[in-house]
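These notes are about the structure you will find just below.
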Number of protein chains: 2
Amino acid sequence: MTETGETDLVRRWRDVLACYSTVSCALDRALQEAHGIGMSEFEVLDRLIDASCGDLRMHDLAGSMYLSQSALSRTVARLERDGLVERSMCADDRRAIFVKLTAAGRERHSRARTTQRAVLAQHLAAEPARA
Amino acid sequence: MTETGETDLVRRWRDVLACYSTVSCALDRALQEAHGIGMSEFEVLDRLIDASCGDLRMHDLAGSMYLSQSALSRTVARLERDGLVERSMCADDRRAIFVKLTAAGRERHSRARTTQRAVLAQHLAAEPARA
DNA sequence: ACGCATTAAATGCAGTTGCATCTTCGGGGG
DNA sequence: CCCCCGAAGATGCAACTGCATTTAATGCGT
């Protein structure tokens, strides 16, 4: 049953921390530099691509993101400002907001994904990330 | 030679992200709630405990932290404000600053470490965190 | 000894985040 | 039909972070 001792746990946590810090820093930097978006923005685009129709309700997006509701709201606002997504009301429930990829959004995601893969290959492959 | 495919890399990254988000959120919350310090503050105390004499130069601290130089400077300022560390000049190099644990700092770290271990045991043991 | 590039640390500033709150809307009771 | 509670999103606010710059001190070359 794994039986992880305390010291072992701390070591694993340090590994996760090291891995996360290195990769997220490199990823954020690369995405910002090459495509003008941050990790959070990319994550949103990624979720929208995964959704079959390319649109989701804010609430559903929030569920699959590691971001508070307010942070997500602002992230989507930035994406909309940059023309990468559109927000539209939902007829069924007028409180809900649909977030939908634009053509520019798909394009940006496609390019950004290449960068993401490259950064992961460079910084995650090298990392042990496992005890 | 591991031969990690692209999809595999992305999956591993998602795992790290999930693990980090869950644990860091719980940890930060627990430390703040129970001891009035955040993760960064705890990390600094932890490094100082690890240092045999209980003191380090800012520059050395910076090297072992996943934090920018400016963020570290402010984190130490908060710790000093709370009386958990003391800053003192270094005679050898008057640009350098020594950061030294106070008795209160040792005490706080000791208690906080218990909380840390508990959170890790609860949230990290459950996580797969490895592909 | 003087100046200049470099290093350690601090600080102004802008950007992102989370919490609490606010607004708007939906869904029951009475 | 009206009222109240809860849900979906947006927003004010304070805290933390990183970047760029500043201040102060070291030391190397002349």
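What you are looking at is a predicted structure, and each value in this text was computed from that prediction instead of being measured. Quick note on labels: first sequence line is chain A, next is B, and so on, each numbered from 1.
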Over how many whole Å does the gap from [X] atom [atom1] to [N] atom [atom2] extend?
X	N	atom1	atom2	result
Ile97(B)	dA10(C)	CD1	C1'	9 Å
Met58(B)	dT23(D)	CE	C1'	15 Å
Asp93(B)	dG27(D)	CG	P	7 Å
Glu41(B)	dA15(D)	CD	P	13 Å
His59(B)	dA10(C)	NE2	C1'	16 Å
Ile37(B)	dA15(D)	CD1	P	17 Å
Leu56(A)	dG9(D)	CG	P	11 Å
Leu67(A)	dC19(C)	CG	P	11 Å

May I ask you to verify if any side-chain N or O of [X] is less than 4.0 angstrom from the OP1 or OP2 atom of [N]?
X	N	value
Ser70(B)	dT11(C)	no
Arg78(B)	dC16(D)	yes
Arg95(A)	dT23(C)	no
Thr75(A)	dT17(C)	yes
Arg74(A)	dC19(C)	no
Arg87(A)	dA10(D)	yes

Any carboxylate oxygen within less than 4.0 angstrom of a Lys/Arg side-chain nitrogen, looking at [X] and [Y]?
X	Y	value
Glu80(A)	Arg87(A)	yes
Arg117(B)	Asp8(A)	no
Asp60(B)	Arg57(B)	yes
Glu43(A)	Arg47(A)	yes

Does the base of dG18(C) carry an N or O that pairs as donor and acceptor with the side chain of Arg29(B) under 3.5 Å?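 Result: no qualifying N/O pair found.
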With a 3.5 Å cut-off and heavy atoms only, can you find an N or O donor on one side and an acceptor on the other between the side chain of Gln69(B) and the base of dA10(C)?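 Counting by modelled atom types and ignoring angles, a donor-acceptor contact under 3.5 Å is found here.
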Please examine the side chains of Phe98(B) and Met89(B), heavy atoms only from C-beta on, and report whether any two atoms are closer than 4.5 Å.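 No, every pair of side-chain atoms sits at 4.5 Å or beyond.
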Using a cut-off of 4.0 Å on non-hydrogen atoms, how would the nucleic acid contact of Leu72(A) be classed: base, sugar-phosphate, or nothing?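 Here Leu72(A) touches no strand at all.
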Of Arg57(B) and Tyr66(A), whose closest DNA chain C nucleotide lies nearer the 5' terminus?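 Result of the comparison: Arg57(B).
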